[in-house]
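Keep in mind it's a predicted model, so treat the numbers as computed, not measured. Each ligand, and each atom within it, is numbered from 1 in the order the structure gives.
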Amino acid sequence: MVEKRQPIQIDEAINKVMQHPLSPKEESVPLLESVGRSLAVNLYATHSVPPFNRSPYDGFAIKSEDTVHASRDLPVFLKVVGEIGAGFVFNRTVRNGEAVRIMTGAKIPDGCDAVVMLEIVREHGSEQIELVRSIKANDNISFKGEDTKEGALISKAGTSIHPGIIAQLATFGYSEVPVFRKPRIGVLATGSELLDVHQKLEPGKIRNSNAYMVAAQVMRAGAVPIVYGKLPDDLEACLAMITDQMDDVDVMITTGGASVGDYDLVPEFINRLHGKTLFNKVAMRPGSVTTAANLNGKMLFGLSGNPGACYVGFELFVKPLIRKALGTEQIHHAKSKGVLGADFLKPNPFTRIIRGRLEEENGQHVLFPSGLDKSGSVISLAEAEVFIILPAGTRGFERGMEVDFLLLEDQKGSEETWKTFSKL
Ligand code: AMP
Ligand code: MG
């Protein structure tokens, strides 16, 4: 007998998943290996930046009071008493009537309160400079702490480490960086029609593209995929694989066999493993036959075998779980608004998630479906950079209408949940 499934709304499904979070764990990696990883601690400035008053230009450090009356008619002459290169310090206090030649990045000598740029002084040999205008106190000085003060919070835990954060980490002496451990995500494809990637095509068969697509999505989300390849539609074989490997992963994903047909094994193996099904149908297209279950405290996702549906199921339900384990609250995709570049006239009782392409026309985001908009389409996924969200309802959508979309490649994410989407 075919079971009757109750669809739940997307945000409700996400909430159910997020009630079973993975706890973030820390590890330490060398500075450059931390690029793209999630920072595990709040980063505070352990000293002011710059750590001392310094010169932003090549020029002369002076006492501004010496130049108060300087003019073209009454030039001021200062005696050059030394030179400071970047990394060096001048060893005494500068007195009235003196100047010190100074290079970009060098510490301002005691007694000086301004720098005159090389270009505006006349040099008389290396001994003397002539100034024909007055210089204000504090001119051309990069002050200690002007970039950041000691003790300031400069980056938050959960931030994805990019070059700007690498600069902060290097500035404060982190040759090793505390990052959140990447969760390990098992990926198993089921289906007797599946061939391995290296195998030759045979009648009735297709290559297992989902396992690798999902593995790549796992990587993009910041986790480590453990790919188990494919198994035929054989309950015992799938059960054996899952029971064997469950200890080795934080989350298990299967693709294929999640529906209610004769060879759909997902409901069966959740039963046999005494799992608790959180949902097995979501009010969305594609991906309505997405299953999430908890097996002894670990999450198992049974994603559809249809590539488009599988792709969407991962992004919506698995990615936030991974993001949470990486210590961020911005677990959802960044959202924005744009106008439809094509008609979607067929109304749908379920929310539609169209894999799409984003263009810019007259300063406006315009959204186009990428290729064949069918859940079974695999080729058009390559173009997908956004999900166009068409709310469920009794009407269709016309070109030019404003809709929400989600960014798939964005690293920052958003805290905003599906609840806030227009007319959901
Ligand atoms: P299923 O969810 O098992 O009913 O499969 C739905 C559709 O997706 C069928 O056309 C399958 O052949 C196809 N499919 C299932 N698994 C994969 C896979 N790993 N890679 C590519 N296509 C698949
Ligand atoms: Mg199948």
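- In terms of polar-atom proximity, defined here as any N/O pair under 3.5 Å, A189 makes no such contact with ligand 1.
- Annotation: side chain of M18 is in contact with side chain of L321 (closest heavy-atom distance under 4.5 Å).
- Under a 4.0 Å N-O distance rule, the pair R220/E409 qualifies as a salt bridge.
- Of the protein's non-hydrogen atoms, the one nearest atom 4 (O) of ligand 1 is D264 OD1, 4.2 Å.
- Between D250 and R181, at least one side-chain nitrogen of the basic residue sits less than 4.0 Å from a carboxylate oxygen of the acidic one, meeting the salt-bridge criterion.
- E236 has its side chain within reach of R272: a pair of non-hydrogen atoms, C-beta onward, lies under 4.5 Å apart.
- N208 OD1, 2.9 Å is the protein heavy atom nearest to atom 19 (N) of ligand 1.
- Residue T255 has no nitrogen or oxygen atom sitting less than 3.5 Å from a nitrogen or oxygen atom of ligand 1, judged on distance alone.
- Contact annotation: for L194 versus ligand 1, heavy atoms closer than 4.0 Å belong to the side chain alone.
- Within the 4.0 Å heavy-atom shell around ligand 1 one finds G257.
- Between N306 and ligand 1, an N or O atom pair is found at a separation short of 3.5 Å.
- The closest approach between any non-hydrogen atom of S259 and ligand 1 is not below 4.0 Å.
- Ring orientation note: the planes of H47 and F172 are tilted relative to one another, at an angle of 30° to 60°.
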